[in-house]
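For reference, the structure is listed below as C-alpha cells.
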Amino acid sequence: QVQLVESGGDSVQAGGSLRLSCVTSGVTDTRYCLGWFRQAPGKEREGIAGFYLNGGSTYYNDDVEGRFAISRDNSKNTLYLQMNSLKPEDTPMYFCAADRGTYVECMTKWERRSAEVGAWGQGTQVTVST
C-alpha cells in the first residue's frame, strides 16, 4: 500500500519560493507516477506536476510551467516540488499523489481524471500574499 506524507507548506509573499516534500513508501517498482495536485476551496483538484519513475519523464500544467520543478531523491524516497515566482493564485492546498500505470495513463489522470488517482497524501497548505 502506497503512503504519502507531505510537508513544506508555508506562508510566503508573492515572488517568493517554497519547496514541498513528499516522503513515499510502498512504491514497489518503476511503473509509478508521482506528483502534485492542488485544490482551492470550491474548485476541482488539478494536477500541476508529475514525474514518471521509469525514465524520469515529467509533466507540468500551463499554470506552473517554467516556475515549478518536480524532482525525486530515490535514496530518500522523497518527491520534491520547487516552487518559484509564487503568485497569489498559487495559494491552495497541495496534495502529493501516486498512481501505477503507463506514462500516458498517469498523465491522463493528472490532466483530467484526478478522481482515478490511486493514492493521496493528507495535503499541505501554501499561502501566497501580495
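Considering CD of E6 and CG of L20, their distance stands at 8.5 Å, rounded to 0.5 Å. For the atom pair CD1 of I70 and OH of Y60, the computed distance is 6.0 Å after rounding to the nearest 0.5 Å. In this structure, the separation between CG on D90 and CD1 on I48 is 8.0 Å, given to the nearest 0.5 Å. In this structure, CH2 in W36 is found 6.0 Å from CG in L79, a value given to the nearest 0.5 Å. With values rounded to the nearest 0.5 angstrom, C106 atom SG is found 8.5 Å from R31 atom CZ.
Side-chain atoms of E105 never come within 3.5 Å of backbone atoms of K109 as a donor-acceptor pair (strictly under, hydrogens ignored). For N61 (side chain) and V64 (main-chain N/O), a donor-acceptor pair under 3.5 Å exists by modelled atom type. In this structure, the side chain of R19 does not engage the main chain of Q82 through any donor-acceptor pair within 3.5 Å. The main-chain N or O of T58 is found under 3.5 Å from a side-chain atom of Y103 such that the two form a donor-acceptor pair. Here the side chain of Y32 pairs no donor or acceptor atom with the backbone of N54 at under 3.5 angstrom.
The side-chain contact (heavy atoms from CB on, under 4.5 Å) search around N74 returns R72, not counting sequence neighbours.
Using a 4.5 Å cut-off between side-chain heavy atoms of Ile, Leu, Val, Met, Phe, Trp and Tyr, with links allowed through other members, L81 and M107 fall into different hydrophobic clusters.
Shortest non-hydrogen contact noted between T130 and A14 is CA-CB, 4.5 Å. The minimum heavy-atom distance between C22 and L4, with the atom names listed, is SG-CB, 3.8 Å. Heavy-atom minimum distance, Y52 versus T102: OH-CA, 3.4 Å.
Note on R100 versus D29: salt bridge recorded, some NZ/NE/NH1/NH2 to OD/OE distance being below 4.0 Å.
Taking the ring centroids of W120 and F37, they lie under the 6.0 Å cut-off.
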TODO: Apply salt bridge (charged side-chain N to carboxylate O under 4.0 Å, His left out) to the pair D63 and K87, showing each step before the final yes or no.
DONE: CA-CA 10 Å; D63 289 343; K87 305 174 183 180; over 6 Å; no

Task: Stepwise side-chain contact (heavy atoms from CB on, under 4.5 Å) check, V12 with T127 - done: CA-CA 6 Å; V12 296; T127 302; over 6 Å; no

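Side-chain contact annotation: D73 with T78, donor-acceptor N/O pair under 3.5 Å absent. For R38 and Y94, the side-chain atoms include at least one donor-acceptor pair closer than 3.5 Å.
F95 is not listed as a side-chain neighbour of Q122, based on a closest heavy-atom distance of 4.5 Å or more. By the 4.5 Å heavy-atom criterion applied to side chains, T24 and L34 are counted as neighbours. Between S17 and M83, the closest side-chain pair of non-hydrogen atoms is not below 4.5 Å. Side chains of V128 and Q13 form no contact here, defined as non-hydrogen atoms less than 4.5 Å apart.
By the 6.0 Å contact criterion, CD on E89 is enclosed, its count of non-hydrogen atoms from other residues, nucleotides or ligands being greater than 12.
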Show me the side-chain donor-acceptor pairs of residues 110-117 shorter than 3.5 Å, one per line, residues at least two apart or across chains.
from, atom 1, to, atom 2, distance (Å)
W110, NE1, A49, O, 2.9

